Amino acid sequence: MDSANVLNKLLSPVIVTAALCCAQAGFAQQSTSPIRLNQVGFFPDAKKIAVLANNTASNEFYIISEKSKDTVYKGQLSAQIKSDYSSLTTKTADFSTVKKQGKYYMFIPGVGNSYTFSIDKNVLEDVSKSVMKGYYYQRAGMPLEEKYAGKWHRAAGYPDTKVLVHPSAAGKGRPAGFVISSPKGWFDAGDYNKYIINSGITVATLLSAYEDYPEYYKKLNLNLPESGNGLPDILNETLYNLDWMLTMQDPNDGGVYAKCTDADFNAMILPELATGTRYVVQKSTPAALDFAADMAYAARVFKAFEKQLPGYSDKCLAAAKSAWDWAEQHPDVYYDQNALNKNFDPDITTGGYGDKNIKDEWLWAATELLVTTKDKQYTKVFNERINDAVSIPGWSNVGMLAHYTILKNQDSGVFSAVVIDKVKSAAIAMADKLLESGNKAFATVMGQSKGDYNWGSNSVAGNQGILLLKVYAMTRDKKYLEGALANVDYLLGRNATGYCFITGAGTKPPLHPHHRPSEGDGIVEPVPGLVVGGPNPGMQDKSYYPFTEPETAYTDIAESYASNEIAINWNAPVVYLLNGVNFYY
Ligand code: 9MR
């Protein structure tokens, strides 16, 4: 980075705030507007709700056309609502009857104007694409050319063609120090490491987005280097990570390394400047099972693209089977980084993704293998686990992904009517529960309990949205679609922080995500299309948080890896959710 860029980076908050203020002069309180709404905008036929998040006495609001300055709607604010997750009290403003396409803002006497928003049929198109394109910017081992990456173009980094087998991962045929090649894949998050566990749910979520809306995704051009090659771009992008995952399997025994990593997190530099030794570390049972599940799923999806990718589907399936076999022979190998560091050198201090309850991983892998192969050998584990309770998924909680696969493959002949009925009614009951509870003060499904505001809370909002969309597809009852949209509104600004949580979107997006390329590139705007973690009262990074309650504990500073990092498993549910509602409305 040259000195001008360093200066830019230091000054960036000032410059951006100033630029925003100038660009939108005339609007009160640009940086912390108490009027919280979806900053990107609304579909003409959708519910439209804004929230006033302060104690103003006003009872009325006005929707004003930006162009003519005419009032197009005058409405009443609701009675005060005390939030369950912070000391805020709010009032809601419903202007769903305004349907005419155009640009508007809300005016509340005594408060001022909101940000400008659009009402438009295509209002979510750009942001939906951009969260998908976000993965391209996470690619390891290839240069991002300007024609695809715009001003965020960068040199290649982390080729990972010479990766050492860490002593914790040594095995027959591959002793410690053995060199393997493990190229491609996405950087996990703000860091440059590549983890199998987190790829597990991420890849499955993207495959499921494609499977649920194939015609939609076939038309979606993301301007990738591979665009136009006969594969939908969402699959082109997913392949980039699947190719890497395949290299993480030890051909000698089918076991899967937990991660391809530096020994320690490095500085906030561009990937091309990182030169540390890379390692594959310890194989683990959950890594093998997540890998098996993704590969068995990919084998189904890519079967339809035999012409473009001859043999790929079979290759995935063979990899899935041998990973499963390894897991059966090694059913309780967990990744415990502290234990690992006591026994082996060098110490590894990057992300752990340690998961010691892997009943859900067994269910998921068995389900995917069963659907793809129809082989009875997977039924024993399936039958043992199918009655386990499931909940909104996350990287360590993947049982629900098995349920989604059952719902999608009801006609496969693999599942009994009893199982299908149970899974269906459980999904509907969960969706109903989501609609009943939620954060009343902000009118969102997000906020079922305090626990929703955790590390990566925005992925909770996204994953709740996925369940609602899947139940909507099953029932066609609009209330589920509206619930999903309420979480879109949450992510795009109707929340207690006032931020739109996606870089480059809305009026007040994060400007300083914990993301090494965005910090290291000297460009003021962060890389676009990345979902930040969101409110997390755990505040494990101990950095400065202006507010610290469950729904407000978010801080837009690069140090805050616990609230402002980006991660592949947080983008994926938002990809599914945004593109899903974009498809339906
Ligand atoms: O998303 C993970 C979160 O659930 C954990 O609580 C946290 C601490 O173990 O780690 C998060 O994952 C991080 C990973 O370990 C390394 N890359 C960045 C991930 C997001 O912060």
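Counting starts at 1 for both ligands and their atoms, following the listed order. Keep in mind that what you see is a predicted model, and the values were worked out from it rather than measured.
In summary, the side chains of Arg278 and Asn193 do present a donor paired with an acceptor at a separation below 3.5 Å, with no hydrogens or angles considered. Of the N and O atoms on the side chains of Tyr353 and Asn198, at least one donor lies less than 3.5 Å from an acceptor on the other residue. Using a 3.5 Å distance cut-off with no hydrogens or angles, the side chains of Tyr576 and Ser208 do not pair a donor with an acceptor. For Asp191 and Tyr561, the side-chain atoms include no donor-acceptor pair closer than 3.5 Å.
For Trp455, a nitrogen or oxygen atom sits less than 3.5 Å from a nitrogen or oxygen atom of ligand 1, counting backbone and side chain alike.
Comparing Trp395, Phe187, Phe265 by heavy-atom distance to atom 2 (C) of ligand 1, the nearest is Trp395.
Inside a 4.0 Å radius of atom 9 (O) of ligand 1 there is not any protein heavy atom.
Ligand 1 places these atoms under 4.0 Å from at least one heavy atom of Glu565: 18 (C), 20 (C), 21 (O). Counting atoms of ligand 1 from 1 in the listed order, those under 4.0 Å from a heavy atom of Ala189 are 17 (N), 18 (C).
Using a 30° and 60° split on the angle between ring planes, Tyr210 and Tyr217 fall in the tilted class, from 30° to 60°. Between Tyr554 and Phe501, the ring planes are perpendicular. Angles over 60° get that label, and only those under 30° would be called parallel.
With a 4.0 Å cut-off on non-hydrogen atoms, Trp570 touches ligand 1 through its side chain and not its backbone.
With respect to atom 13 (C) of ligand 1, the closest heavy atom belonging to the protein is Tyr353 OH, 3.7 Å.
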